[in-house]
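Following: one structure in C-alpha cells, then a few remarks.
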Amino acid sequence: MNSLLLLRIWPSLTVVLLFLSASTLASAEWESQSLPVELQVGYAVRTLDLNGDSKLDILIADSKRYLWLENPSWKVHVIHDTPNAKSDNVCMAPYDIDGDGSIDLAIGHDWQPNNTTSGGEIGWLKSPKDPRQSWSYTKIGEEPTTHRMNWGDLNQDGRMELIVLPLKGRGTKAPGFDQTPVRLLKYEIPSNPVTEPWPMTVLDESMHVAHNFEITGTAKNESNQEGATDILMASYEGATRFMFTKEGKKFVYPQGTGFQGTAPQKGSSEIRRGQLDKSTTFIATVEPWHGDQIVVYTSDPKKGTRLLQRSVIDNELKWGHAVACANLDSDTEDEIVIGVRDNAIAPHRCGVRIYNWDGGQWKRTLIEPGQVAVEDLVVADLNSDGRNDLIAVGRATHNAVIYWNKN
C-alpha cells in the first residue's frame, strides 16, 4: 500500500513525500525496439524531419560524433565525426540557421565538466541539401562547461536566438563549484552566419551549477505584461522561472528551492513543465543536482506564477538524468517521464519510468527496468498514429531504444 507523509516547513510550502509501490507496464502497452547503433555516451536525443519525408527522424549527440537515424529503416547517418577529440560532444539544438530551408544544427562540444577556465566550444553544422551527405562546421564561440542549448525568440522578431547554458561558473572549483554563478548566454544569428561573428549577450548571471533549462514559449508575467518569453532553469537555487520581454526586460521568479543540502547535493537538476488541466500547470524536476528524488511543483491558480507545493513522488532511485512531460494516454493530463541513469539497490534499476496522475496521486510505472542507463530521452509520435512514443539513449548501456506506445 502507498503511504503519504506531509511535512509543514513554513506556511507557504508543504513537502509531500509520496512512496509508491512499483508496477511494470504490460508488454501490450509498450513495445521496445533496440535501434541499430552502439553509442559511447548518448548525451542528447532529439526528433525532427531531416529529409523532408514528413517522418520524424532521430538525432543523437554521441561522444565523438553527431548522427541521425532515418525513419522508418533507422539507417544510421553520421553528420559530424571527431574520433580523435580529447573531449566530448554534449548538446545540440536544431534550427534552419542560414534560412535556406534545411535544418542545421547548433552544437556544444569540447565538453570538459571540471575545467571551468577553458573549453566548451559552441558552433553550428550546416546541412547540405541531402542531409545524408557531409555537413560543414563553423565555430560560434566558447564558454567553459557549455552543457545545454535551445532556440528561443526572446526579442520576438520572428528569428530565433541561440540560448546557451554552461554547467558551472567560470573559475569555480570543487567540491561545490559554487564560487561564481553561471552565465546564461544569448547568441544572435548574423546576416552571414558562416563569415560574420555572432553577437553575444549575457542574459543572466545569478544561478549556480545550472544543469538544464527549458524554453516554454511566451507567457504573462507578474506585472501583467503580455509577450514575455518564459524560461525554466534547474540549478543549485532550485527551480527558477525567467521571463524576458521583447523590450529586453528580465523578470525572475523562484518556483521552489529544491533539496538544499551541502554542495553539490543542492537544488534541482532536470526540469520540465506539464499540464494537469486548463488552470493547473506543474513543474517536474530531479533533485538535488544529479539527484535521487523525483519532485513535482504544483501551481496554485490563485497565485498565478507562484508555485508553492513541493511533492517528492519517488525516491527509489540513484541518479535521475532526464525529464519529459507529455500526454501518453487518452486522459487530459500530461504524464511525467523520467530517465534513470544508474542502478540503486535492487530492484531499483536504471531505465524509463512513467508517472500518471490518477485519483489525486502520481502512480509510478516502470518500463523494461535495466534496459537503458538513460542519459537523455525525448517524447514524439514516430509512426504518426496519434500516440506519443518514447526514445531513450544510454550511457553505461551504450544503446538507443524506442518504446512504442500501444495504449
Side-chain angles (χ1 to χ4, degrees), residues 39-45 60-66 80 82-93 106-123 139-150 162-185 202 204-205 207-214 233-237 258-259 261-271 285-292 318-323 339-342 350 373-377 393-398:
L39 306 173
Q40 291 181 309
V41 177
Y43 279 104
V45 60
I60 299 174
D62 196 15
S63 299
K64 300 297 186 291
R65 58 185 176 162
Y66 289 90
H80 186 61
T82 54
N84 298 319
K86 293 181 180 180
S87 53
D88 284 357
N89 305 311
V90 71
C91 60
M92 59 187 176
I107 63 173
H109 58 114
D110 196 13
W111 167 237
Q112 303 176 51
N114 293 321
N115 179 2
T116 62
T117 59
S118 63
E121 185 165 319
I122 302 157
K139 182 177 177 179
I140 295 173
E142 291 182 358
E143 183 71 9
T145 71
T146 287
H147 188 235
R148 297 287 186 261
M149 56 176 55
N150 289 298
L162 181 63
I163 314 302
V164 175
L165 181 68
L167 178 64
K168 300 168 182 175
R170 283 175 172 258
T172 55
K173 298 178 181 180
F177 291 95
D178 54 357
Q179 294 85 7
T180 58
V182 302
R183 304 199 309 169
L184 180 66
L185 307 179
V202 179
D204 183 76
E205 199 169 2
M207 303 289 123
H208 298 79
V209 185
H211 190 265
N212 213 334
F213 76 108
E214 179 184 34
M233 184 187 296
S235 69
Y236 272 3
E237 284 73 19
F259 178 92
T262 302
Q265 302 299 313
K266 292 185 67 175
S268 305
S269 191
E270 304 285 345
I271 190 164
T285 65
V286 172
E287 295 183 355
W289 181 69
H290 281 178
D292 57 0
K318 183 177 180 180
W319 192 329
H321 210 264
V323 178
V340 177
R341 199 175 89 172
D342 296 270
C350 65
V374 181
E375 183 77 7
D376 195 22
L377 58 79
V393 291
R395 175 179 280 262
T397 50
H398 309 294

For a 4.5 angstrom cut-off between non-hydrogen side-chain atoms, does Arg341 reach Cys350? no
Between Ser269 (side chain) and His290 (backbone), is there a donor-acceptor pair under 3.5 Å? yes
Not counting sequence neighbours, which residues clear side-chain hydrogen bond (donor to acceptor under 3.5 Å, both in side chains) with Lys173? List them please. none
Is the shortest heavy-atom distance from the side chain of Leu167 to the side chain of Trp289 under 4.5 Å? yes
Are side-chain heavy atoms of Leu184 and Ile163 found at a separation under 4.5 Å? yes
Set of residues satisfying side chain to side chain contact (heavy atoms under 4.5 Å, CB included) with respect to Ala85, sequence neighbours excluded: Lys64, Thr82
State which residues pass side-chain hydrogen bond (donor to acceptor under 3.5 Å, both in side chains) with His147; sequence neighbours excluded, sorted by chain then number. none
To the nearest 0.5 Å, atom CE of Met233 lies from atom CG of Asn212 at 10.0 Å
Heavy-atom side-chain proximity of Ile60 to Tyr43 below 4.5 angstrom: no
Partners meeting side chain to side chain contact (heavy atoms under 4.5 Å, CB included) with Asp342 (sequence neighbours left out): Lys318, Trp319
Sorted by chain and number, sequence neighbours left out, salt bridge (charged side-chain N to carboxylate O under 4.0 Å, His left out) with Glu121 holds for none
Contacts of type salt bridge (charged side-chain N to carboxylate O under 4.0 Å, His left out), residue Asp204, not counting sequence neighbours: Lys250
Could you tell me which residues satisfy side-chain hydrogen bond (donor to acceptor under 3.5 Å, both in side chains) with Thr397, sequence neighbours excluded, listed by chain and number? Asn399
Under the side chain to side chain contact (heavy atoms under 4.5 Å, CB included) rule, collect the residues that match up with Lys86, sequence neighbours excluded. none
May I ask you to test the Met149-Ile122 pair for a side-chain heavy-atom distance under 4.5 Å? yes
Would you please name every residue forming a salt bridge (charged side-chain N to carboxylate O under 4.0 Å, His left out) with Glu214, sequence neighbours left out? none
Between the main-chain N or O of Asp62 and the side-chain N or O of Asn89, is there a donor-acceptor pair closer than 3.5 Å? yes
Donor-acceptor contact present, side-chain Ser63 to main-chain Val41, <3.5 Å: yes
Taking only residues two or more places apart in sequence or in another chain, which ones pass side chain to side chain contact (heavy atoms under 4.5 Å, CB included) with Ala61? Ala44, Tyr66, Met92
Can you list everything that forms a salt bridge (charged side-chain N to carboxylate O under 4.0 Å, His left out) with Glu205? Sequence neighbours excluded, please. none
The side-chain hydrogen bond (donor to acceptor under 3.5 Å, both in side chains) partners of Asn115 (sequence neighbours excluded) come to Gln112, Thr117, Ser118
Distance (rounded to the nearest 0.5 Å) between Ile140 CD1 and Thr146 OG1: 10.5 Å
Could you grab the distance from atom NE2 of His211 to atom CD of Glu270, nearest 0.5 Å is fine? 5.0 Å
Full working for side chain to side chain donor-acceptor pair (under 3.5 Å) between Glu287 and Ser268: CA-CA 5 Å; Glu287 295 183 355; Ser268 305; 2.9 Å; yes
Test item: His398 side-chain N/O and Leu39 main-chain N/O as donor-acceptor pair under 3.5 Å: yes
